[in-house]
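Atoms within a ligand are numbered from 1 in the order they appear, just like the ligands themselves.
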Amino acid sequence: MTTPERRPLVAGNWKLFKTGSEAVALVRELGQLLQPAPRAEVAVAPVFTALVTVHDALAGSEIKLAAQDVYWEAQGAFTGEVGPLQLKDVGCHYVIVGHSERRQLFHESDGDVNRKARAVLAHGMAPIVCVGETLVEREAGRATEVVVRQMNAALEGMAESAAARIVIAYEPVWAIGTGRNAAPSDAQQMHAQIRSTFAGRFGQTLASGLRVLYGGSVKADNAAALMAQPDVDGALVGGAALAAASFCAIVRAAD
Ligand code: 13P
């Protein structure tokens, strides 16, 4: 469970699901179910094309808007890309960067993730930087090495003044969409490692405020045990974020 200075964050990554009208219907339902206000901060990450309508539907709500990806240039001849300036313009507070689906399916490198995270910070938003090992890496005993490498690459060249806004999501690739979540004790171990890697760069004070989310088959029935771990400060939720009831149950597990 997070310490008082770390408010838990539960973010729904909707991936490539929901049209604009479906997205609006979901946030309306979330708004109703999240009364009274939960202890956790809540964010939703719809597809790019739904950001504007979801932003409008969230008017007056505490729920924060997040994007699922970003390109690092603010403008230029980059056909098909969406930059940080545009995401800021439509009211994004958070931007997910380095999700394992981006790394695996779209060949994003550690360097790309670093450029994206820095672009998000430079435009006053907060990156949710995803790290996590594959099953092959875990079985080879390399999980920690991989996650520390991803962390160090993502944080390279970042100013200490911006570091306080960074959120890390530990998403073991083998746990994503598989129904097989990390054991709470394994998640705790990696989260503690992530915090100490961050401390190595930015010092203990900033590290003690860093929020480290867990992602990978988080459901209503396993969320409480995961979030009860001292270094698990919330969740990045995929499938269970697509229905208001299951997402809200996860949000309440952080109360
Ligand atoms: P699932 O919750 O569907 O496993 O997805 C996790 C995830 O990738 C969130 O970013």
Practice task
In sequence, state the C-alpha distance, the side-chain angles, and the governing distance for E133 and W174, and then conclude on side chain to side chain contact (heavy atoms under 4.5 Å, CB included).
Solution key: CA-CA 8 Å; E133 81 286 356; W174 47 270; 2.9 Å; yes
Problem - Intermediate values then yes/no, side chain to side chain contact (heavy atoms under 4.5 Å, CB included), I166 and F198 - result: CA-CA 10 Å; I166 298 168; F198 194 87; 4.2 Å; yes
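Annotation: cation-pi pair R102/F106 present, NZ/CZ under 6.0 Å from the ring centroid and within 45° of its normal.
Listed by atom number, the atoms of ligand 1 under 4.0 Å from A175 heavy atoms are 4 (O). Close contacts of ligand 1 with H99, meaning ligand atoms under 4.0 Å from a residue heavy atom, involve 7 (C), 8 (O), 9 (C), 10 (O). Heavy-atom contacts of E171 reach the following atoms of ligand 1: 6 (C), 7 (C), 8 (O), 9 (C), 10 (O) (cutoff under 4.0 Å).
Residue contacts with ligand 1: K219 is excluded, as none of its non-hydrogen atoms falls under 4.0 Å. Residue contacts with ligand 1 leave out C130, since none of its heavy atoms falls under 4.0 Å from the ligand. Distances from ligand 1 to the non-hydrogen atoms of G215 include no value under 4.0 Å. Within the 4.0 Å heavy-atom shell around ligand 1 one finds G216.
Contacts of S100 with ligand 1, taken as heavy-atom pairs under 4.0 Å, are absent altogether. With a heavy-atom cut-off of 4.0 Å, L236 touches ligand 1 through backbone and side chain alike.
Contact annotation: the side chain of V95 never approaches that of H123 to less than 4.5 Å [non-hydrogen atoms, C-beta and beyond]. Side-chain contact between K219 and S246 is absent, with no heavy-atom pair separated by less than 4.5 Å.
Considering backbone and side-chain N/O atoms, G239 comes within less than 3.5 Å of an N/O atom of ligand 1. Remark: ligand 1 and N13 share an N or O pair separated by less than 3.5 Å (distance only, no angle test). Between S217 and ligand 1, at least one pair of N/O atoms sits closer than 3.5 Å. For the pair E101 and ligand 1, the shortest N or O to N or O distance does not fall below 3.5 Å.
Between the side chain of Q68 and the main chain of K15, a donor-acceptor pair closer than 3.5 Å is present. A donor-acceptor pair under 3.5 Å is formed between the side chain of N114 and the backbone N or O of E156. E145 places no side-chain N or O within 3.5 Å of a backbone atom of R142 that could act as its donor or acceptor partner. Between the S217 side chain and the A175 main chain, a donor and an acceptor come within less than 3.5 Å of each other.
Taking atom 5 (O) of ligand 1 as the reference point, the nearest protein heavy-atom neighbour is K15 NZ, 3.3 Å.
Cluster membership check: L85 does not share its hydrophobic cluster with L87, using side-chain heavy-atom separations under 4.5 Å among Ile, Leu, Val, Met, Phe, Trp and Tyr.
Heavy-atom proximity to atom 4 (O) of ligand 1, evaluated over A241, G177, G238, is greatest for G177.
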